[in-house]
J.: 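One structure, pasted below without further comment.
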Amino acid sequence: MAGGSEHTGLAVALKLAAGGFDIALLDTEFTAADKTVRRIEESGRRCITVETELTDARSVGVAFGQVRTALGSPAVLVTCVGQGPVPDGLPEDEFADEQRYAVVRRALRPAFVCCQAGAGQLLHHRWGRIIIVTEPVDVSENAWRTPQPVLAGLIGFTRSAALELARSGITVNLIAPADCAVDSRAPAHQPAVNGSAGSYADGVAHATEFLVDEQAVGITGQEIYIAAPRAGVPRLRER
């Protein structure tokens with residue numbers, strides 16, 4: 001599990017552990033992972049945390065080496081990608097093209113670096129699952145439109161990686177919030193979600209559980225859009 005050490009990533013980690021997977025959490029910093037680690041270990045699975053600079057190929061390579069030593073070669077890689085929070089809460093129009101490019105690149109870089117490193121590990125098995133998850137962002141009146149090019153870039157990357165890895169038995173899929181959908185195959189309108197529905201993190205965890213199953217072997221290069229009640233969706237903001 002690369003990134004997403006809060007909310008979505010932790011929900012996915014717990015779901016995978018319940019399905020029999022040992023878990024490695026890779027992130028720049030950890031603020032809420034201790035409880036999850038304890039819950040996973042109490043369930044009988046192993047779990048480790050590795051501080052990693054997810055935009056740096058060398059750091060990610062070292063982290064994968066530590067995971068391989070502690071838990072063995074991975075079979076599933078889930079990478080959580082932030083879509084670019086609003087810098088200082090200001091509208092996008094106030095930023096230069098260079099600043100927009102930097103934010104988009106910073107959001108896309110972890111997916112590329114982690115998937116490249118993960119694919120190298122999965123190729124040894126001739127089987128594996130790569131799942132890219134995008135986090136929700138603030139969709140208020142002054143929201144930045146950066147999520148659109150980020151998601152479009154991830155769609156293209158997912159499809160090309162899926163084609164490249166298909167012969168090796170590795171699937172690559174993308175999970176994203178429905179309200180950020182930019183693809184023509186996405187829902188034309190938001191499905192109604194009642195107040196008792198689960199959060200976005202819960203929806204992602206259930207979708208991930210299906211995608212790692214053998215029954216999903218023929219599903220690759222796809223985008224899956226998850227809707228959830230706004231009250232239950234954690235939002236990314238500038239830290």
Side-chain angles (χ1 to χ4, degrees), residues 1-34 36-37 39-41 43 45-82 105-135 153-154 157-158 160-175 204-205 208-209 211-213 216-217 220-221:
M1 171 69 61
S5 62
E6 299 181 31
H7 304 304
T8 306
L10 297 188
V12 172
L14 290 171
K15 180 66 72 173
L16 291 178
F21 288 92
D22 293 326
I23 304 296
L25 303 175
L26 280 59
D27 212 337
T28 305
E29 59 181 354
F30 298 93
T31 58
D34 290 347
T36 302
V37 172
R39 289 178 62 182
I40 291 174
E41 291 178 340
S43 72
R45 307 311 308 181
R46 294 177 293 173
C47 182
I48 63 171
T49 60
V50 183
E51 289 191 11
T52 314
E53 177 48 64
L54 298 177
T55 61
D56 182 77
R58 180 178 178 83
S59 178
V60 171
V62 171
F64 269 92
Q66 294 176 351
V67 172
R68 189 168 57 252
T69 299
L71 303 177
S73 296
V76 173
L77 170 64
V78 180
T79 302
C80 292
V81 178
R105 183 180 184 278
R106 187 167 63 246
L108 292 174
R109 177 72 176 168
F112 174 77
V113 171
C114 294
C115 289
Q116 185 180 48
Q121 301 289 320
L122 299 178
L123 285 171
H124 294 295
H125 297 288
R126 305 292 294 181
W127 185 95
R129 301 286 188 265
I130 295 177
I131 302 168
I132 303 171
V133 178
T134 63
E135 298 277 16
L154 290 173
F157 176 73
T158 298
S160 61
L163 288 172
E164 182 177 351
L165 297 172
R167 292 182 179 179
S168 299
I170 300 170
T171 65
V172 186
N173 292 288
L174 171 67
I175 302 176
V204 171
T208 300
E209 181 182 35
L211 289 173
V212 302
D213 191 88
V217 66
T220 190

J.: Any side-chain heavy atom of L123 sitting closer than 4.5 Å to one from I170?
T.: yes
J.: Roughly how far, to the nearest 0.5 Å, is the CD atom of E53 from the CD atom of E29?
T.: 10.5 Å
J.: I want to check something: taking the side chain as every heavy atom from C-beta on, are T208 and K15 in contact at a cut-off of under 4.5 Å?
T.: no
J.: Just wondering, are more than 12 heavy atoms of other shown residues or ligands nearer than 6.0 Å to CD in E164?
T.: no
J.: Specify the closest pair of heavy atoms between G118 and L77, including all atoms of both residues, with the distance to one decimal.
T.: CA-CD2, 3.9 Å
J.: Of the options I48, I23, T49, which is the one that meets V37 in a side chain to side chain contact (heavy atoms under 4.5 Å, CB included)?
T.: T49
J.: Give a yes or no on whether the backbone of A75 and the side-chain of R129 come within a donor-acceptor separation of less than 3.5 Å.
T.: no
J.: Are any non-hydrogen side-chain atoms of T36 and C47 less than 4.5 angstrom apart?
T.: no
J.: So, taking the atom named CG in L154 and the one named CZ in F112, what distance separates them when rounded to the nearest 0.5 Å?
T.: 12.5 Å
J.: Looking only at atom types and distance, does a side-chain atom of T158 sit under 3.5 Å from a main-chain N or O of N173, one as donor and one as acceptor?
T.: no
J.: When rounded to the nearest 0.5 angstrom, what distance separates OG1 in T28 from CG in L54?
T.: 4.5 Å
J.: Quick check for you: to the nearest 0.5 Å, what is the distance between T79 atom OG1 and M1 atom CE?
T.: 8.5 Å
J.: Just wondering, more than 12 heavy atoms not from R109 lying within 6.0 Å of its CZ?
T.: yes
J.: What heavy-atom pair brings A11 and A205 nearest, and what distance separates the two atoms?
T.: O-CB, 3.7 Å
J.: Is the shortest side-chain heavy-atom distance between F21 and V212 below 4.5 Å?
T.: yes
J.: Output the distance between atom CG (D22) and atom CD1 (I40), rounded to the nearest 0.5 Å.
T.: 9.5 Å
J.: Between A63 and T52, which heavy-atom pair has the shortest distance, and what is it?
T.: CB-OG1, 3.3 Å
J.: Of the non-hydrogen atoms in A33 and L25, which two are nearest, and what is the gap between them?
T.: CB-CD1, 4.1 Å
J.: What's the separation between atom CZ in R45 and atom CG in L16, rounded to the nearest 0.5 Å?
T.: 11.0 Å
J.: If you compare all heavy atoms of C80 against all heavy atoms of G9, which two are closest, and at what distance to 0.1 Å?
T.: SG-CA, 3.9 Å
J.: Do F30 and E51 have side chains that get closer than 4.5 Å, going by heavy atoms?
T.: yes
J.: Among V60, I132, I131, L122, exactly one meets side chain to side chain contact (heavy atoms under 4.5 Å, CB included) together with C115. Which residue is that?
T.: I132
J.: Please report the shortest heavy-atom distance between V78 and V133, naming the atom on each side.
T.: CG1-CG2, 4.0 Å
J.: Taking the side chain as every heavy atom from C-beta outward, state whether L174 and T134 have any pair of such atoms under 4.5 Å apart.
T.: yes
